[in-house]
Structure formats: C-alpha cells, structure tokens
Participant: 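Dropping the structure in here first, questions after.
Below, chains carry the letters A, B, ... as their sequence lines are ordered, and counting in each starts from 1. These numbers come from the heavy atoms of this one structure, side chains and all, not from hydrogens, waters or symmetry mates.
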2 protein chains.
Amino acid sequence: MNLHQFRFVQEAVRRNLNLTETAKALYTSQPGISKAIIELEEELGLEIFERHGKRLRRVTEPGQLVLRAVEIIMREVANLQRIGEEYSKQEAGTLSIATTHTQARYFLPEPVAALRRKYPRVQVVLHQGTPRQVAQMLRDDVAEIGLATEALAEVDDLVTLPCYEWQHVIVVPAQHALAAVERPTLEQLAAEPLVSYHPTFTGRSRIDQAFARARLKPTFALEAIDADVIKTYVRVGMGVGIVAELAMRDDPPGGDLVARPVGHLFGSNVTRVAFKRGAYLRQFVLTFVESLSDRLTGSLIQRAMSGNPVHYDL
Amino acid sequence: MNLHQFRFVQEAVRRNLNLTETAKALYTSQPGISKAIIELEEELGLEIFERHGKRLRRVTEPGQLVLRAVEIIMREVANLQRIGEEYSKQEAGTLSIATTHTQARYFLPEPVAALRRKYPRVQVVLHQGTPRQVAQMLRDDVAEIGLATEALAEVDDLVTLPCYEWQHVIVVPAQHALAAVERPTLEQLAAEPLVSYHPTFTGRSRIDQAFARARLKPTFALEAIDADVIKTYVRVGMGVGIVAELAMRDDPPGGDLVARPVGHLFGSNVTRVAFKRGAYLRQFVLTFVESLSDRLTGSLIQRAMSGNPVHYDL
DNA sequence: TATCCTTACGGAATTCGTAAGCATG
DNA sequence: CATGCTTACGAATTCCGTAAGGATA
C-alpha cells in the first residue's frame, strides 16, 4: 500500500475510469497506473473496479468504501503540505479561489487586495466557472476555497458559510420608461425583453421561481454569465437587465444606466464561501475567509470545519 | 512523503520519542527510522520534533498538526485493511476486544459465544487491562473495540455508547451478621473491613465517592481487579466484599455466599462500549456491538461514528 | 560510560519507463 | 481499426541493512 496507489485510484475515478487520461494527468506512464491499481487490489484482496474485458466499467461496492478512505487520506496529505507551507515559508504561499464572475469582478477585489496588503508574499489564483464547476474544483483540490451564490450549499463534502446577502436590481437606460418607476412589478418586467444571467448563475433561479409562481413567461433576449456583458447589451437597447446589486455599485447615480432594487420581486440571495470538509486552513486563508463577512469569526469557521452545523443570521 | 514515514512518526510519539524502541517495535533498523523522519521533515520544510543535540526532546507546534493528520491517515489505512478483510474473506477475520476482567469474565462470554455461533470463522482476541489501558489499546490500534465502566467516556478520540446499567452488591459468608440485613447502610459497611476492586476499576470510584460524601473512612482489607479473587477472600473471612452484581449472577441463592444489592448506597454504573473515532466497523463487528445492548442499533452506531452525539436512555 | 541519534556506504529490491500483446466497441 | 488495459522486461533509483561516528545524561 502506498500513496501513489491512492492518488492513481482517486484520479482514475475523477477521469471516469480512463487510465490513459489518468496517466496523462499525473505525468506518468499508463502501464504504471494499471499495475499500481492492480497491486493495491491484490493487497486488499478485493476489486476496486469492475472490469469488462480489459476496460474499467465501474466502481465496485467495496471500491466505494476504499474510495472514501482514499479521499480522506489524500485530503490529509494535502493538509500536510499546507502545514508545511504555513510553517516553512512563513506568511507566504498560494491561495486558489474558485468563484463565479460576479464574485471575482465585484466582490472579491476588495478582500483580495486586503489579503495582499496584509500578506504581500501570498499569491492568489482565481479560477472562474459556473457554481457547479466551483464545487467540483473544490472537490478536485483545484481550489482551496470557493465563493458562489448557487449550488455550494447542496454539496455534501463541502463546508459552507454564508458571506453576505444581496438582492437583484433591474437596469435600464436613463431614458427607458421603467427608469421612472420606483417599484416595478413582475408584470411590468414580463412585458419587456429581459437580459440577465444564465440559468445556473448568480441567483437566476430566484428570478425564474418568481415568474413561475406568478404564472408569467418572460422573454429573455440574452443570457450571460457576466453583468458587464449584460449592461453592455442593456445600453444598446436589447432590453431590461436584471443583475446583482453589487454589479451596479460602481455606476454613478447620474450615469447612462438607472438601477432599481427588485428584492420585493425576487427575494434575497445569500452568497456563500465553501471549502472541502476537513481541509487545513492556513492562517492567511483563515484571515481571508474572516474578512469576507463581519459575522465570520475564526472560531465559527473552526466549528464549521469540525463538522458541527453553524447557524447564524447575517 | 510515504506511509512508512507516517507510521514511524506515529510510533515514535507513542514510544516517547525513543527511536531505538520505535525501531524494535516496528521490526526495522533504527537508522532507517531516523532517516525517514528527517526526510519527512525536510520535505515538509519543518521540524516535527525538537532536538536537543542528538536526542528528540518533544513534539513541536507544527509537529502537533502533522501528527493529527498522520493519525487520520493511519486510521484510514487501517480501515482499508479492514475493508479488504471484510470483502475478501467473507465473514471471517479477527476481532480484538480490550476490556476489564469483570466484562471479560461475566459479561462478554455470552455475546462472544453468540458472535462465534453466527460467524464461526471469526477469531476473537481478548486484551485485558485497566480501564485506562483499555482506552490506550484503542488509541494504539491494539484493539478495535473496548468495554469498560470507567475512563472510556472521558477520552476524546473515542466514540462511546452505553451498553448496560448495573449496581454494586455486597458479598458476605452466609453466617456473617450482615447476611441478614436487607438494606445495609454506609455506616454498617464502614465498620467492617472491606474487600473490593482497585481504585480505578469497575465502579470503585462510585464507592469512594459515596463514603467520602458521608465523611466515612472505610478500611479496605484487600483490593483486587477481579471479583473471583474478591469472593475468594470473602470466603476466608477477610471482610465484606463489594462487587458488581454481574459477578454474583452465577452464584446459587442457597450457596455459601450471600449477596445484597447496594445501589441505594453507591448509585448505578454504566458500562460502555468504545471504538476509535472514524474506525471502519466490519459487518460482524457491527453485529457484535449491537448484541451488547437491546437499545444499540446499527443506525445509532453509525450516527455515533459520524461524530454526532447520541443520547438515549438505557 | 551507557544510551541514543545521525551519517556513511553497499547490496538488494523496487520503481518506472518503453515496447509489445490483446480485448472492446 | 482505434482506443485502451495488461504483460514483459531492463535500467535507474530507492530502500534498508550493518558499521561507524558523535552527543547527551
């Protein structure tokens, strides 16, 4: 039994049981992978993978149990490396953050800058993707912490904590009829072509739910993952934009676009920070996570990490 | 980084940082241990052990963190082996039980026999010791499950579940004056020489507490770890025995010894079963643990293992 | 001086690559 | 026949033992 075998098995599962791809991903030879896995199976006296001829078809029942143990082992190996980083290169290291465009563009700049001010030798890597991809990047150890409004809370092996609460705003050109309406209604919006996020992004689910409850079928003229794109199309008259309020923060009140809060229509959303259950958080990571919300304290984070559910109001 | 290094570090800590002993315990050469640990420290870029000249003095602060990760990794490696056992040799394997004399002699025979009836190919190994030793045997992976009335519940990295509740009885020769007394008092007992368990065993702490509260200073003529020994000395007139009621179960009512329950004096005790947090319990182990109490069910045990506190009345 | 950790070194075992073989879809 | 896992084999590396060196209590 050795750590290589564990890594191979884990990566093989992540690569859909394709050992050739696994070998490429781990920069080693394919026969080496094959042999190592077979030897582990022999040592344990069970088959981790069900084989059909010479192809791996699926994970066996005992294989599932093996996999769970392997996940924990590899997690702790990663933790050991982080502990090493923390204590050898004091206050230096790399923080990989997986997040959506909205957070990367509008929310994270400030806390990331603060992190760099406090720890100038820390390097930050941003990985952008859909909320589901964010979750997957955490599971695959591509990123250490994740930030998104959707999806994260549903993933079982992630620990999530609420960061901040926000609502949607509609955005229209200053001369648009709705620019003068203080509290637009769902009916008014449904009558216009809309420009908003892709269905899996940034609270879009709340928007769809609200329209569905009112039995309205709005027209989406354009869907994007990105408020900057949405605003651009609103400017050229494609329709009424619906974006996160955060995305309008930097637009001056007297500018060419007018924003109206529509929390009364779509409710409020909670953006969450997540990390893999059991991950070791270095000091600067802890500091960073704390900086994401006034209510997040180190002890609260530790409590959440240890598996206890954490409840508090934002 | 490899599993050998982890094992060495773990064993070194268990052997009080004596690498020579560690090497002996692991049947390998002492320089090999030394080198492996140094290489791990180099790879992590930190010192796990503080050295004074050429001796290891103590575990450093980062070393504590490393140790915690190593413990988890080795635990999961042990789990992998158990999973292998479970699925390769179906319904066969070894179950190591750490327990005290009282349990081994009076409580366990029945459930152990039942286990062997259901799983004839399972081998049972009993490790006897003090309650503290029982706890230590679980921590050191000498035994997989432990059974004792004392100490177990206080150990942090063990999961414990109540098994059964019992009270003490006094034991006297049939012709003894107290043999006729239905409900003896603390004062009556304190006036006699007593024969009971060693202070750390089998509910003895309750006995001491009761006397202390009544400001009585009883005389213990003899202390043993073992009700059979105690009964023997009661027979030869050394004094009044105080043992677990279980220990008198097989003595016939009309025999040479008379037992009187004294739960009204010393309260009741709870015997607990324990295992290492995060251990993988094979099917036959689960069955065995369930058989220890009517109230223990598989799902309850799983819940306790997953870290959730379990509360129920016996 | 007895104990105990580190360094040095060499033979043995393991590792890991390439090349070839063979099963599936 | 293209993809993909397993087997074969040999060079390079790592492992792990004994022997020697140096530090502490």
Participant: Can you list every salt bridge (Lys or Arg N to Asp or Glu O under 4.0 Å) pair that touches residues 19-28 of chain B, not counting sequence neighbours?
Facilitator: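 As it turns out, there is no salt bridge (Lys or Arg N to Asp or Glu O under 4.0 Å) pair with a partner in residues 19-28 of chain B once direct neighbours are skipped.
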Participant: Without placing hydrogens or testing angles, list every side-chain donor-acceptor pair under 3.5 Å for residues 118-127 of chain B, not counting sequence neighbours.
Facilitator:
| from | atom 1 | to | atom 2 | distance (Å) |
| --- | --- | --- | --- | --- |
| B/Tyr119 | OH | B/Thr287 | OG1 | 3.3 |
| B/Arg121 | NH1 | B/Gln90 | O | 3.2 |

Participant: For B/Thr149, enumerate each residue passing the side-chain contact (heavy atoms from CB on, under 4.5 Å) test, keeping only those at least two apart in sequence or located in another chain.
Facilitator: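 Applying side-chain contact (heavy atoms from CB on, under 4.5 Å) to B/Thr149 gives B/Gln103, B/Trp166, B/Asn269, B/Thr271.
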Participant: Between B/Arg15 (CZ) and C/dC5 (P), how many Å, whole number?
Facilitator: 13 Å
Participant: Name all residues meeting the side chain to side chain donor-acceptor pair (under 3.5 Å) criterion together with A/Gln10; count only those two or more places apart in sequence or in a different chain, and write none if there are none.
Facilitator: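 Result, side chain to side chain donor-acceptor pair (under 3.5 Å) vs A/Gln10: A/Glu71.
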Participant: Would A/Leu46 and A/Val66 count as a side-chain contact (heavy atoms from CB on, under 4.5 Å) if you check the C-alpha gap in whole Å, the side-chain angles of each, and the deciding distance to 0.1 Å?
Facilitator: CA-CA 10 Å; A/Leu46 52 78; A/Val66 169; 4.0 Å; yes
Participant: Quick check for you: name the first and last nucleotides of DNA chain D, 5' to 3', having an atom under 4.0 Å from a heavy atom of chain B.
Facilitator: D/dG17 to D/dA25
Participant: Give every residue pair that meets the salt bridge (Lys or Arg N to Asp or Glu O under 4.0 Å) criterion with at least one member in residues 87-102 of chain A, sequence neighbours excluded.
Facilitator: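 The answer is none; no pair qualifies.
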Participant: Mind checking what makes side-chain contact (heavy atoms from CB on, under 4.5 Å) contact with A/Leu17, not counting sequence neighbours?
Facilitator: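 Applying side-chain contact (heavy atoms from CB on, under 4.5 Å) to A/Leu17 gives A/Val13, A/Phe49, A/Leu56, A/Val59.
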Participant: Go through residues 1-9 of chain B and report each residue with a non-hydrogen atom lying under 4.0 Å from DNA chain D, sorted by number.
Facilitator: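 By residue number: none to list.
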Participant: Only counting residues at least two apart or in another chain, list the ones meeting side chain to side chain donor-acceptor pair (under 3.5 Å) with B/Arg55.
Facilitator: none
Participant: Enumerate the residues from residues 27-55 of chain A whose closest heavy atom to DNA chain D is under 4.0 Å, giving them by residue number; use none for an empty result.
Facilitator: A/Gln30, A/Pro31, A/Ser34, A/Ile38, A/Arg51, A/Lys54, A/Arg55
Participant: Pairs in or reaching into residues 57-70 of chain B: which pass side chain to side chain donor-acceptor pair (under 3.5 Å), with residues at least two apart or in two chains?
Facilitator: A/Tyr87-B/Glu61, B/Glu50-B/Arg58, B/His52-B/Arg57
Participant: For A/Gln81, what residues pass the side chain to side chain donor-acceptor pair (under 3.5 Å) criterion, not counting sequence neighbours?
Facilitator: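 For A/Gln81, no residue satisfies side chain to side chain donor-acceptor pair (under 3.5 Å) once neighbours in sequence are set aside.
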